[in-house]
*Asks:* 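Below: one structure in structure tokens.
These numbers were taken from a predicted model, which means no experiment stands behind them.
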Amino acid sequence: MTKYNIKEKVEKNATYRNLINPVIMDGLEKKIYEIICIQKKYLDKEYSAKKLAQDLGTNTRYISAVVNVRFGMNYTSLVNKYRIEEAKIVLADPKYRKMNMEDASSLVGFSNRQSFYASFYKITGLTPREYKLAKLESGETTSYLKHAKAKSRKK
């Protein structure tokens with residue numbers, strides 16, 4: 001994975017993760033999911049783990065521990081995962097065919113094109129451009145609006 005300087009994940013054993021009460025962890029997990037995924041805070045470039053902790057009345061260490069234990073990744077990876085899922089929908093939508101990658105990356109919450117490309121490649125194994133071209137060539141496109149409506153009905 002040398003493309004985009006992606007490094008392999010190094011597992012760390014932080015003891016504070018085991019010290020959080022499981023009931024508190026359950027509650028925080030649900031609230032984190034609600035805020036990040038349902039309210040789509042991942043689309044906000046300025047929304048950080050610190051802001052999430054403030055919104056939940058806790059600290060970033062608890063946020064970090066819950067995200068690591070319950071979601072199996074760090075906060076940035078969690079947010080980027082949802083951003084990339086959103087980007088895949090946008091890139092496959094014919095309505096956005098002429099949108100450049102800079103605008104697409106901004107639309108899904110990335111601050112810059114470089115981090116968008118690196119995250120997209122890390123998760124999908126393709127660059128955003130490769131993904132878009134493959135979807136458009138195959139005719140396997142989806143309406144972003146249609147997908148958003150279907151997603152909201154599932155809840």
*Asks:* So, do Ser64 and Asn74 sit near enough that their side-chain heavy atoms are less than 4.5 Å apart?
*Replies:* no

*Asks:* Are Tyr131 and Phe120, when compared by the centres of their aromatic rings, separated by less than 6.0 Å?
*Replies:* yes

*Asks:* Here's one to test your reading of the geometry: is the NZ or CZ of Arg83 within 45 degrees of the ring axis of Phe110 and under 6.0 Å from its centre?
*Replies:* yes

*Asks:* Between Gln39 and Ile36 (side chain of the first, backbone of the second, donor and acceptor by atom type, cut-off under 3.5 Å), is there such a pair?
*Replies:* no

*Asks:* State, yes or no, whether a side-chain contact exists between Met101 and Lys132 at a heavy-atom distance under 4.5 Å.
*Replies:* yes

*Asks:* Kindly indicate whether the side chain of Leu91, heavy atoms from C-beta on, has any atom under 4.5 Å from the side chain of Tyr96.
*Replies:* no

*Asks:* Would you say the side chains of Ser106 and Lys45 form a donor-acceptor pair under 3.5 Å?
*Replies:* yes

*Asks:* For a side-chain contact (heavy atoms from CB on, under 4.5 Å) check, start with the C-alpha distance between Tyr62 and Leu56, then their side-chain angles and the critical distance, and finish with the verdict.
*Replies:* CA-CA 10 Å; Tyr62 270 48; Leu56 296 177; over 6 Å; no

*Asks:* Do any N or O atoms from the side chain of Ser105 and from the backbone of Glu102 form a donor-acceptor pair under 3.5 angstrom?
*Replies:* yes

*Asks:* Identify whether the distance between the nearest side-chain nitrogen and carboxylate oxygen of Glu34 and Lys31 falls below 4.0 Å.
*Replies:* no

*Asks:* For residues Ser77 and Asn80, is any side-chain donor paired with an opposing acceptor at under 3.5 Å?
*Replies:* no

*Asks:* Do Arg70 and Asp26 make a side-chain contact, defined as non-hydrogen atoms from C-beta onward lying under 4.5 Å apart?
*Replies:* yes

